Trainee: 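The structure follows.
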Amino acid sequence: MNWFDNISRSFFDWNAMAEVLPTMITVGLKNTLILAAASTVFGVIIGMILAIMGISRSAWLRIPARLYTDIFRGLPAIVTILLIGQGFARIGRDLFGPSPYPLGILALSLIAGAYIGEIFRSGIQSVDRGQMEASRALSMSYGQGMRIIVVPQGVRRVLPALVNQFIGNVKDSSLVYFLGLLASEREIFRVGQDQAVVTGNLSPLLLAGVFYLVITVPLTHVVNTIDTRLRIGKQKTTTVTSGLEEVSELDRAQQTKDTSAAFKGGSIEVRDLTMAYGELDVLKGVDLTVKPGSVTCIIGPSGSGKSTLLRCLNRLVEPKGGTLLLDGDSILAMKPEKLRRRVGMVFQHFNLFPDHTALDNVMLSLTKIKHMPRGEAERIAKARLADVGLASRQHHRPGGLSGGQQQRVAIARALAMEPEVILFDEVTSALDPELVKGVLNLMADLGGRGMTMVVVTHEMGFARRVADQVVFMDEGRVVEAGTPAQIFDDPQSPRLRRFLAEVL
Ligand SMILES: Nc1ncnc2c1ncn2[C@@H]1O[C@H](COP(=O)(O)OP(=O)(O)OP(=O)(O)O)[C@@H](O)[C@H]1O
């Protein structure tokens, strides 16, 4: 068995391994971890800057970020390491002394930065647009929305990819040996390689390989665990509730609630409002009066500009012209963030923050925007969740709630800011039929308690039952407005008559 002896001697010379083991740990492992960790940390900083430049609207930021990424991702790692390590050796010596180690870290960081930048960018861009819209509707500025909601969500999504990048850096750190490290600076590979030369067999190198596996294999499993946890959330049990049980859950909350609590609704006045998306004129001179504490339902065919009108009222889109007043104050002259504290919004697709519990969703803008102490914010958030029948589900994340429950959390979240007006944009369109009633009843209750509400809806029954005023829009104009009886029982225009014939 000559070949067996041969292999044994080459790879499994235990003495050679034992001899190198202490140096492998105290020098090799230490330096590999320093190189990998430092280049990951600097890489994350470079990557975050590149990602923000990469999603910027300015080409002056986007193009340099693109160029950087293309260059450092396109070049083989060893070429970059040699170019930086040797090309800047003189400056390196002046700055850091004789050791090439810092230049090695620099080169590894520059390479890692390019990859991490792409990881962050795709993570941030994969966050649903509705998240930013919801943040802005809760009166966060663009920067706050990015910092508090979008970027953390994007980063959390790419955590597994970042750990993978660290694994890559552990492996790439072996390339730094080309720069000629001092004995005390050698990383795992170099320690193994040197000893292999001394002993004349590959056992020390095999030991180096084992060290790499000991670092990387458990990390790969950590990646998988993080990945699974992120997908499922930390929730232990996701209770599936029957839709009918949900309806009674809300009924019970309505009965036990303090119904005397009334809102102080504001008024809205819109004159000659125009708005365009590029060349497309969407609103063509809209007039609308909403009295304090009243419910206005906006109905009309798809594409008639209903949602756009709503978005103009809290300036999620900017009008082209016209006059908009909130309690007599010019909406267009107000700072959007200030306006949105007074005008809340609830969306068709809820746009709850998925990484936060129901309670946190409601609390977030109280603590971050209103700077309320946590205790007080929590008290208010719990009360609002109780109002919408979700006291028992405050610690659930949106993923563990039904559509109807999510929409009620969204309503509680808007209510917590104590707005004067709430805008509802087709909030029941994405719900199962038996859950629609619960949300509509909740909205009717708010209307009854004096909240000013502007509701874009296809629920004609709700409009007839709850609205003080129904507004029919078509092709960017208000065609008819009046009481539910006027609109539904005595339509004047042929267009409204045709629309009602289609939907009723
Ligand atoms: N972000 C956008 N960019 C370009 N065009 C848009 C945008 N949002 C809406 N539009 C267009 O503006 C018009 C009015 O859209 P809007 O969503 O206000 O109508 P809507 O009456 O609410 O319709 P629906 O009932 O289908 O939601 C449509 O033609 C739509 O395609």
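Both counts, for ligands and for their atoms, begin at 1 and track the order of listing. Heavy atoms only: backbone and side chains are in, while hydrogens, waters and symmetry mates are out. From a predicted model like this one, the values you see are computed outputs, not experimental measurements.
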Trainee: Apply side chain to side chain donor-acceptor pair (under 3.5 Å) to Thr367 and Arg374, showing your working.
Mentor: CA-CA 6 Å; Thr367 51; Arg374 254 195 96 74; 5.4 Å; no

Trainee: Among all protein non-hydrogen atoms, which one is nearest to atom 1 (N) of ligand 1, and what is the separation to 0.1 Å?
Mentor: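 Protein heavy atom at minimum distance: Tyr277 CE2, 3.6 Å.
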
Trainee: Of the protein's non-hydrogen atoms, which lies at the shortest distance from atom 17 (O) of ligand 1, and what is that distance?
Mentor: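 Going atom by atom, the protein heavy atom closest to atom 17 (O) of ligand 1 ends up being Ser307 CB, 3.6 Å.
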
Trainee: Any idea which atoms of ligand 1 are less than 4.0 Å away from a heavy-atom of Pro301?
Mentor: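 Going through ligand 1 atom by atom, the ones under 4.0 Å from Pro301 are 21 (O).
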
Trainee: Taking only Lys NZ, Arg NE, NH1 and NH2, and the carboxylate oxygens of Asp or Glu, determine whether Arg397 and Asp360 approach each other closer than 4.0 Å.
Mentor: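 No.
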
Trainee: Any donor-acceptor pair under 3.5 Å linking the side chain of Lys306 with the backbone of Pro301?
Mentor: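 A pair under 3.5 Å: yes.
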
Trainee: Can you tell me the protein heavy atom closest to atom 19 (O) of ligand 1 and the distance?
Mentor: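 Looking at atom 19 (O) of ligand 1, the protein heavy atom closest to it is Gly305 N, 3.3 Å.
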
Trainee: Does the protein place any heavy atom closer than 4.0 Å to atom 14 (C) of ligand 1?
Mentor: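 Yes; the ligand atom in question has protein heavy-atom contact below 4.0 Å.
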
Trainee: Can the positive tip of Arg156 be found less than 6.0 Å from the middle of the six-membered ring of Phe120, inside 45° of the ring normal?
Mentor: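 No, Arg156 does not sit over the ring of Phe120.
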
Trainee: Might you work through the salt bridge (charged side-chain N to carboxylate O under 4.0 Å, His left out) test for Asp281 and Lys284, ending with a clear yes or no?
Mentor: CA-CA 7 Å; Asp281 284 320; Lys284 304 167 185 165; over 6 Å; no

Trainee: How far is atom 18 (O) of ligand 1 from its nearest protein heavy atom, and which residue and atom is that?
Mentor: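 Result: Thr308 OG1, 2.5 Å.
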
Trainee: Of the protein's non-hydrogen atoms, which lies at the shortest distance from atom 23 (O) of ligand 1, and what is that distance?
Mentor: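 The closest heavy atom on the protein side is Gly303 N, 2.8 Å.
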
Trainee: Please state which protein non-hydrogen atom is closest to atom 26 (O) of ligand 1 and give its distance, to 0.1 Å?
Mentor: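 Closest protein heavy atom to atom 26 (O) of ligand 1: Ser302 OG, 2.7 Å.
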
Trainee: Would you mind telling me if ligand 1 is within reach of the side chain of Glu426, the backbone, both or neither, using heavy atoms under 4.0 Å?
Mentor: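 Just the side chain.
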
Trainee: Under 4.0 Å between a side-chain nitrogen and a carboxylate oxygen: does that hold for Asp489 and Arg464?
Mentor: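 Yes, this pair counts.
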
Trainee: Quick check with a 6.0 Å cut-off and a 45 degree axis cone: is Arg413 positioned over the face of Phe353's six-membered ring?
Mentor: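 Judged by the rule, Arg413 and Phe353 form a cation-pi pair.
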
Trainee: If we ignore hydrogens and angles and just use 3.5 Å, is the side chain of Arg315 paired with the main-chain N or O of Leu332 as donor and acceptor?
Mentor: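 Indeed, once roles are kept as given, a pair shorter than 3.5 Å links the two residues.
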
Trainee: Please compare Val282, Leu280, Leu309, Asp425 and report which has the shortest non-hydrogen distance to atom 29 (O) of ligand 1.
Mentor: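 Looking at heavy atoms only, the winner is Leu280.
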
Trainee: Measuring from the heavy atoms of Gly300, does anything fall under 4.0 Å of ligand 1?
Mentor: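 In this structure, Gly300 fails to qualify as a contact of ligand 1 - no heavy atom is under 4.0 Å.
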
